Visitor: 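Handing you this structure, nothing more for now.
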Amino acid sequence: MATRLQYENNCEIGVFSKLTNAYCLVAIGGSENFYSTFEAELADVIPVVKTSIAGTRIIGRMCAGNKNGLLLPHTTTDQELQHLRNALPDNIVVQRVEERLSALGNCIACNDHVALTHPDLDSDTEEMISDVLGVEVFKQTIAGNILVGSYCAFSNLGGLVHPHTSIEDLDELSTLLQVPLVAGTVNRGSDVIAAGMTVNDWTAFCGSDTTATELSVIENVFKLRGAQPTSLVEEMRKSLIDTYV
């Protein structure tokens, strides 16, 4: 299911939050309402962690992560790094990256298997993305935009990209990512997809300006209708098998 919300009257909620299949980061200082929306949807399954990154609230644009790890810019303070390491599950590698392009969330789009990156990222950073996040890395642009992290959002099941992406680009990206892609918008026509929404394999959060049509496109492409966290599904399967045996 996709949920609509806003951060202090701002609909760009992908700027103030980061959602993966293993954890969710939320900016400090927002209203309790913002935090509790994430908490209500996710707390039974994954940790929801309040944090700042490099002293800012724009955490969704500053970091990149998936179920294997979290990459933080070199401007992250030692306290923030320690806080995140303590708050996140032990199997998640939290690493600082010495990279000139420090808004990693704008430069890297990834799911649990593949990452698309800004064409100008260092080769060292590419290696680190591959090691920490456990993904294959491809340098890409989306509809001519080099900020791939801003103009697309994808999970392991589907993806939404900039509305001006050509059919050829869509096909190429879809083949690289091995997930179905749709060109679309969020927040009533905004093409900055990743700033307007954040998504994982079973739920999505969008800015409150998102229209019903946009919402239904999002729910379809990310296969969110009736989706449940994999951990819960596995538990249900186990209990069903136990009952029948």
Side-chain angles (χ1 to χ4, degrees), residues 1-7 10-21 24-25 37-38 41-42 60-61 63-67 103-118 133 135-136 138 140-227:
M1 199 185 85
T3 310
R4 286 187 273 209
L5 75 164
Q6 54 185 33
Y7 181 91
N10 189 326
C11 291
E12 306 288 359
I13 62 123
V15 171
F16 303 104
S17 59
K18 182 81 190 166
L19 176 63
T20 72
N21 287 329
C24 176
L25 306 182
T37 308
F38 283 96
E41 195 69 32
L42 302 169
R61 304 297 85 218
C63 68
N66 64 12
K67 73 173 168 79
L104 300 176
N106 288 336
C107 302
I108 303 164
C110 64
N111 63 13
D112 295 337
H113 309 291
V114 187
L116 304 181
T117 68
H118 188 296
L133 303 184
V135 292
E136 277 188 88
F138 300 102
Q140 268 298 337
T141 59
I142 288 179
N145 292 295
I146 52 177
L147 292 176
V148 289
S150 304
Y151 290 101
C152 75
F154 57 93
S155 69
N156 298 326
L157 302 176
L160 191 67
V161 297
H162 190 290
H164 296 162
T165 312
S166 65
I167 303 288
E168 295 77 28
D169 281 2
L170 263 179
D171 283 349
E172 185 191 342
L173 288 169
S174 192
T175 310
L176 277 182
L177 301 172
Q178 295 289 299
V179 298
L181 295 179
V182 166
T185 58
V186 292
N187 282 335
R188 200 174 286 128
S190 164
D191 52 16
V192 193
I193 307 291
M197 68 173 294
T198 185
V199 64
N200 69 9
D201 286 356
W202 71 88
T203 188
F205 297 89
C206 321
S208 55
D209 279 352
T210 304
T211 63
T213 313
E214 288 169 340
L215 213 56
S216 92
V217 167
I218 287 164
E219 289 190 340
N220 282 333
V221 74
F222 290 110
K223 301 182 175 61
L224 298 175
R225 297 228 161 94

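Quantities reported herein were computed from a predicted structural model and do not represent experimental measurements.
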Visitor: Return the minimal non-hydrogen interatomic distance between D191 and P163, and the atom names on each side.
Guide: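 Nearest pair, atom of D191 first, then P163: CB-CD, 3.4 Å.
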Visitor: Is there a donor-acceptor contact under 3.5 Å from the side chain of D112 to the main chain of N156?
Guide: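 No.
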Visitor: Could you state the interatomic distance from OG (S155) to CG (N66), rounded to the nearest 0.5 Å?
Guide: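 Those atoms lie 12.0 Å apart.
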Visitor: CD1/I108 to OG1/T117 distance, rounded to the nearest 0.5 angstrom?
Guide: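 If we round to the nearest 0.5 Å, I108:CD1 and T117:OG1 are 7.0 Å apart.
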Visitor: Quick check for you: to the nearest 0.5 Å, what is the distance between S208 atom OG and R188 atom CZ?
Guide: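 Between S208 OG and R188 CZ, I get 9.0 Å after rounding to 0.5 Å.
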Visitor: Quick check: do S166 and E172 have side-chain heavy atoms less than 4.5 Å from each other?
Guide: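 SC-SC contact between S166 and E172 ruled out.
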Visitor: Using modelled atom types and a 3.5 Å cut-off, is there a donor and acceptor pairing between side-chain atoms of S174 and backbone atoms of V179?
Guide: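 At least one qualifying donor-acceptor pair exists.
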Visitor: After noting the C-alpha distance and the side-chain angles of L177 and H113, does the key distance pass the side chain to side chain contact (heavy atoms under 4.5 Å, CB included) rule?
Guide: CA-CA 8 Å; L177 301 172; H113 309 291; over 6 Å; no
Visitor: Are the side chains of M197 and T210 in contact, using a 4.5 Å heavy-atom criterion?
Guide: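 Contact flag for T210/M197 side chains = no.
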Visitor: Under 3.5 Å, which donor-acceptor pairs do the side chains of residues 141-154 form with other protein atoms, sequence neighbours left out?
Guide:
{"residue": "N145", "atom": "ND2", "partner": "I142", "partner atom": "O", "Å": "3.2"}
{"residue": "S150", "atom": "OG", "partner": "N106", "partner atom": "OD1", "Å": "2.9"}

Visitor: Might you point out which heavy atoms bring G196 and N187 nearest each other, and give the distance in Å?
Guide: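 Taking every non-hydrogen atom into account, CA-ND2, 3.6 Å.
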Visitor: Which heavy atom in G189 sits nearest to a heavy atom in E214, and how many Å separate them?
Guide: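 Looking at all heavy atoms of both residues, the shortest contact is N-OE2, 2.8 Å.
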Visitor: With rounding to the nearest 0.5 Å, note down the distance linking OG1 in T203 to CZ in F222.
Guide: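 Going from OG1 on T203 over to CZ on F222, the span is 11.5 Å.
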Visitor: Where do V199 and A204 come nearest, in terms of heavy atoms and distance?
Guide: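 Shortest heavy-atom contact: CG2-CB, 3.7 Å.
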Visitor: Between E219 (side chain) and A2 (backbone), is there a donor-acceptor pair under 3.5 Å?
Guide: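 The answer is yes, because a donor-acceptor pair under 3.5 Å joins these two groups.
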Visitor: Using the test side-chain hydrogen bond (donor to acceptor under 3.5 Å, both in side chains), find all partners of E41 that sit at least two apart in sequence or belong to another chain.
Guide: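 Checked E41 against side-chain hydrogen bond (donor to acceptor under 3.5 Å, both in side chains); zero matches.
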Visitor: Is there a side-chain contact between L42 and L19 (heavy atoms, below 4.5 Å)?
Guide: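 Touching, per the 4.5 Å side-chain cut-off.
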Visitor: Would you mind reporting whether L160 and V186 have side-chain heavy atoms less than 4.5 Å apart?
Guide: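 They are in contact (side-chain heavy atoms under 4.5 Å apart), so the answer is yes.
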Visitor: Closer than 3.5 angstrom, by distance alone: can the side chain of D201 be matched with the main-chain N or O of N21 as a donor-acceptor pair?
Guide: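 It does not hold such a pair.
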Visitor: For the residue pair F38 and F205, does the interplanar ring angle fall in the parallel (under 30°), tilted (30 to 60°) or perpendicular (over 60°) class?
Guide: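 Taking F205 first and then F38, their aromatic rings sit tilted (interplane angle of 30° to 60°).
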Visitor: Return each pair, listed once, that meets side chain to side chain donor-acceptor pair (under 3.5 Å) where at least one residue sits in residues 11-20; pairs must be two or more places apart or across chains.
Guide: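 Residue pairs with at least one partner in residues 11-20: there are none.
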Visitor: For a 4.5 angstrom cut-off between non-hydrogen side-chain atoms, does K223 reach P180?
Guide: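 Touching, per the 4.5 Å side-chain cut-off.
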Visitor: Hey, does the side chain of R4 reach the backbone of C206 with a donor-acceptor pair shorter than 3.5 angstrom?
Guide: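 Checking the backbone N and O of C206 against the side chain of R4, no donor-acceptor pair under 3.5 Å is found.
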Visitor: Between L116 and L173, is any pair of side-chain heavy atoms under 4.5 Å apart?
Guide: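 Yes, side chains in contact.
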Visitor: Please report the interatomic distance CG(L176) to CD(E136), rounded to the nearest 0.5 Å.
Guide: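 If I round to the nearest 0.5 Å, the distance is 9.0 Å.
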Visitor: Which distance, rounded to the nearest 0.5 Å, do you find between the CG of L133 and the SG of C110?
Guide: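 SG of C110 is found 5.0 Å from CG of L133.
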Visitor: As a quick check of understanding, evaluate side chain to side chain contact (heavy atoms under 4.5 Å, CB included) for I193 and V161, giving each step before the final call.
Guide: CA-CA 7 Å; I193 307 291; V161 297; 5.9 Å; no
